[in-house]
Each structure stands twice: as structure tokens, then as C-alpha cells.
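Note that ligands are numbered from 1 as they come in the structure, with each ligand's atoms numbered from 1 the same way.
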Amino acid sequence: MTAPDDLMGSVRLGTEFFRRHLDTFLDAALAGESLLPGWTRAHVVAHVAYNARAIGRLAQWAATGVETPMYASVDVRNAEITEGVLLASDALVRLFDDSAASLDRHWRELPDESWTFPVRNGQGRMVPLGDTVWMRTREVWIHAVDLNDGSSFEDIPVPVLERILGDIAGAWQGRDEPGIRLSLTGPRVVELGPADAAVHVKGSLAALTNWAAGRGSAGVTLGTGTGIVPAAPRWL
Ligand code: ZN
């Protein structure tokens with residue numbers, strides 16, 4: 001198996017989408033609030049940059065066979081982000097560019113057979129390296145919206161949204177979350193989750209994915225039509 005081409009397209013588009021936001025940010029804007037509680041935009045940029053480095057380490061692991069985890073520890077991961085936030089905006093943007101370019105290089109130089117090599121993902125599960133392209137795709141698209149400067153899940157390509165929502169529904173099912181039913185309202189009507197679920201949430205693909213990813217209840221309603229939509233359970 002080689003790198004999945006359609007995913008490589010999505011991850012590169014997502015990286016460019018994220019990067020375009022950074023052109024408009026000066027120091028003041030980077031210090032502004034992101035959509036993630038307690039994180040400024042600079043935290044999000046630093047996290048996404050160090051995530052590229054972490055996924056690059058998994059590519060190195062696959063290429064060399066020598067185990068190199070994403071992060072040495074949770075503390076190391078958090079300390080990196082805290083330090084990244086202290087950088088001036090141009091240095092932080094450079095960090096983002098360098099990390100994205102370096103990850104891309106790792107992927108391009110990888111021998112075909114390495115894509116199936118098992119590596120440990122962020123949740124501690126062993127997955128084929130090929131899966132990390134999707135991990136990164138999800139990361140750049142969702143966190144670009146988290147930068148809180150006007151984009152939304154509506155800007156994320158439909159195939160990416162569909163796969164994110166499928167991941168979340170699958171994660172809930174795997175953890176026996178008390179039933180949640182999701183109804184996608186047009187253009188394609190899709191139902192996910194048990195029919196007798198305690199919670200039934202309706203909305204467009206973008207609105208439902210936004211809600212399911214824990215980013216608020218804008219645009220979704222309860223299946224009953226009235227009442228307040230509860231916060232979605234965690235999925236990662
Ligand atoms: Zn993340």
C-alpha cells in the first residue's frame with residue numbers, strides 16, 4: 001500500500017486552509033481566544049505544529065523500525081505547546097511552516113512498504129502508519145476552525161466531515177455511550193446510532209459534526225424538536 005492519494009490531497013488542502021488564517025494574524029490576534037477552552041490561537045498553532053513533528057516521528061519509526069513515540073510524555077507535549085505560545089508571531093508561523101514541510105518530506109521519502117508498519121497513535125493504539133495521514137487530516141481541518149476567525153465546519157470538505165462523524169459515532173459505540181442517534185438532514189438523509197437512543201440530535205452534516213466534535217450546538221436540534229441539545233460526549 002502506498003500513501004492514499006485522496007487523503008494526501010485532503011491533508012495538503014487542510015494544511016493550506018490552516019495556513020491561510022495565519023497570514024492575517026499579528027501578535028495581538030494570536031493572543032486572542034481560540035474556540036478551545038483555555039487556549040489562545042497561539043496554543044492551537046503551536047499544538048498543530050508540534051503534532052506534525054509528532055506524526056513525523058511515527059513516519060521515522062516506520063522507516064527505521066526504531067520505536068519513536070509521538071510524544072515522550074504528556075508533560076513534554078504540554079511543555080512544548082507552552083513554549084511555542086511564547087514565540088513571536090513570525091517565529092510561530094515559521095514553526096508551523098517548517099513542521100508541515102518536514103512532515104510532508106517524511107511522507108514523500110517513505111518506502112511503500114512502510115505505510116503498513118504498525119505505530120502507536122495518540123490514544124495508545126497500534127495502527128498502520130497509513131492511518132496517520134487521516135489523523136493529520138482531521139487535525140488540520142478541525143483546528144483551523146478552532147482558530148476562531150470566521151471559518152466553520154461548513155468550510156470542511158464533505159468527505160472529510162463524513163469520515164470525522166463516522167469516527168466519532170464509532171468511538172461512542174466502542175465505548176458503549178448510552179445511545180446517541182444522529183440524523184443528517186439533507187442533501188443526503190443518513191441515520192447513525194440506535195433507533196431507541198436516549199438522545200436524538202438532528203442537523204446538517206457540518207452542524208452535526210461540529211456538535212459531535214464537542215464544538216457547541218449551533219445548528220443542531222433535538223429530534224423531538226424542542227429542548228436544549230446536551231453537550232456531546234467526548235470521543236478522543
Ligand atoms: Zn489536536
Per the side-chain hydrogen bond (donor to acceptor under 3.5 Å, both in side chains) rule, what does the pair list look like for residues 152-165, sequence neighbours excluded? E162-R188
Pick one: which of T209, V190, L161 meets side-chain contact (heavy atoms from CB on, under 4.5 Å) with L184? V190
Can a donor-acceptor pair be found between the side chains of S151 and H21 at a distance below 3.5 Å? yes
Quick one: do the H47 and E139 side chains pair a donor with an acceptor below 3.5 Å? yes
If only side-chain N and O atoms count, and only distance matters, is there a donor-acceptor pair under 3.5 Å linking S183 with E191? yes
Just checking, is any N or O donor in the side chain of N51 or R136 under 3.5 Å from an acceptor N or O on the other one? yes
Polar protein atoms near the Zn ion (ligand 1) [N, O or S; cut-off under 2.8 Å]: H47 NE2, E139 OE2, H143 NE2
